[in-house]
Novice: 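Provided herewith is a single structure, encoded as structure tokens, for subsequent inquiry.
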Amino acid sequence: MSNAVELKGLNKAFDGIKAVNNLSLEVEEGSIFGFLGPNGAGKTTTIKIMLGLIKQDSGTANLLGYDTGQDILKIKKKVGYVAEIDHLYGYMKVREILEFNQGFYNNWDSSLVEKYNKFFKLPLDKKIKELSRGMKKQLSLILAMASNPELLILDEPTSGLDPINRQEILRIILEEISVKGRTVFFSTHLLGDVERIADSVAIINRGRLLEQSLLDDLKSEIKKIRVVFQKEPDPDVLSLPGIDNYTQDRNAYIISVSKNLNQILKKLEQEPHFSLDVIEQNLEDIFIDKVGDDKDEI
Amino acid sequence: MQYYIDFKSGIPIYVQLIEQIKEGIASGLLEPGDRLPTVRELALKLTVNPNTVARSYKELEREGLIETKRGVGSFVAQNPEITRAASEEEIDKMLDELINKAFQLGIPRDLLEKKVSSRLQEKYNRGGDRG
């Protein structure tokens, strides 16, 4: 299976401050990729490099087999993009911007545009600056999908939307892009959305990659174990590979595990204990742990 | 059959789906030959990734619980064998959780035993035919 996105050793600094720091990641074709990070982590900068909107200081970005440095026009024909902050011309009417965009693409899908204009009930004769925030996002999404992109890049597509709007947008992305086997790259700090639809996720902070994994693997592997021993445990079991750290209150321990869960459980079970249970970690727990830990290394 | 995903849970979505379909089969809510929703239908209905639904179906197929006929759909297998061992394993896990919880709450052993057996009594005396 080939990759729709390949970033290798990307670096970008603004005024000496590293916004993107030696970032490498891969997104498999046909998957939904969640690009996660707190505000200011470097998500938008990375996306802008991928689209050729800004130039990296070093490293390479490859989309759909094309290098952004050499073939940006080919990339733009095959990639749809919804920006975080609306970049639509406010003075144009909805109808006008749809016609204007159509001129740039050979494979413009008028029936899709019509379908979603009706679905969202967009007022075609209103000026864009008069639209609500939700409507602007909806219009951006229609514009990005209308060229039948092989890769859809979304920068915070659901932020600022109400839950119904958010769910609608996710469903449309699934229906128009994913079930057709195309790739979605989407950045967000709204973890619930990623938890619903992503195959794989990357977590970045301060421009650096903290984690990249299949979401199911992440959830299957990262757990906390709460155990109350009957006496001091063998110190070896607390340093088994896969144990990241633990906290202790007398004989009660909470052990953070990121790998080898089953082996660790087997060893712990052999120690005399009163109770032993596994605490499931959802994406938000995992995210807060990873990003929180990252701050201590400064 | 109603499908429901707990998105806040730490349990992967594909595992939640597998468990629900298995429970549906074990409880008789899904009968042999019943057609399951297509991957696309279920993904859109639940707003989850189609690859996730496909993964659940593949796993269930591997276990012989469902059969997929190309271009027709997925169906509950004619003799779905939810093995006794697998069911017991799940019950053991839940019992362990119960016992741990009781310990943490300071419920003594004899009280827990009494509670479990009185609950069982209640359920099965009320016309339960599965005892």
Novice: Report yes if some heavy atom in the side chain of B:Arg55 is under 4.5 Å from a heavy atom in the side chain of A:Asp216; otherwise report no.
Specialist: yes
Novice: What do you reckon, is CD of A:Glu114 surrounded by more than 12 foreign heavy atoms closer than 6.0 Å?
Specialist: no
Novice: From A:Leu191 CG over to B:Lys8 NZ, what is the distance, rounded to the nearest 0.5 angstrom?
Specialist: 9.5 Å
Novice: Which residue out of A:Leu276, A:Ile173, A:Val228, A:Val278 racks up the most heavy-atom pairs below 4.5 Å with chain B?
Specialist: A:Leu276
Novice: Is the number of heavy atoms from other residues, nucleotides or ligands under 6.0 Å of B:Arg35 CZ greater than 12?
Specialist: yes
Novice: Quick one: pull up CG in B:Leu44 and CD1 in A:Ile172 and give me the separation to the nearest 0.5 Å.
Specialist: 10.5 Å
Novice: For the interface with chain B, which of A:Ser275, A:Ala252, A:Ser220, A:Ser178 has the highest count of heavy-atom pairs at distances below 4.5 Å?
Specialist: A:Ser275
Novice: Would you give the length of the straight line joining atom OH of B:Tyr14 to atom NZ of A:Lys219, rounded to the nearest 0.5 angstrom?
Specialist: 11.5 Å
Novice: Between the side chains of B:Asn51 and A:Asp199, does any donor sit under 3.5 Å from an acceptor?
Specialist: yes
Novice: Could you look at B:Leu46 and say if it's the side chain, the backbone, both or neither that has a heavy atom under 4.5 Å from chain A?
Specialist: backbone
Novice: Please classify the contact between B:Phe7 and chain A as side chain, backbone, both or neither, with a heavy-atom cut-off of under 4.5 Å.
Specialist: both
Novice: Within this structure, what is the CG-NE2 distance for the pair B:Asn100 and A:His273, rounded to the nearest 0.5 Å?
Specialist: 7.0 Å
Novice: Under a 4.5 Å cutoff for heavy-atom pairs, which residue among A:Leu218, A:Val184, A:Ile279, A:Ile197 has the most contacts with chain B?
Specialist: A:Ile197
Novice: Would you give the length of the straight line joining atom NZ of B:Lys45 to atom CZ of A:Arg171, rounded to the nearest 0.5 angstrom?
Specialist: 13.0 Å
Novice: For A:Ala198, is it the side chain, the backbone, both, or neither that has a heavy atom closer than 4.5 Å to a heavy atom of chain B?
Specialist: backbone
Novice: Evaluate the side-chain proximity of B:Pro12 to A:Leu215: yes if any heavy-atom separation is below 4.5 Å, no if none is.
Specialist: no
Novice: Any side-chain to backbone donor/acceptor pair from A:Asn282 onto B:Gly10? Under 3.5 Å, distance only.
Specialist: no
Novice: Under 4.5 Å, counting heavy-atom pairs only, tell me which of A:Lys223, A:Glu284, A:Arg226 racks up the most with chain B.
Specialist: A:Arg226
Novice: Can you say whether A:Gln281 sits under 4.5 Å from chain B via the side chain, the backbone, both, or neither, judging by heavy atoms?
Specialist: backbone
Novice: At what distance, to the nearest 0.5 angstrom, does OG1 of B:Thr47 lie from CG of A:Leu174?
Specialist: 6.5 Å
Novice: Using a cut-off of 6.0 Å, state whether more than 12 heavy atoms not belonging to B:Leu105 lie near its atom CG.
Specialist: yes
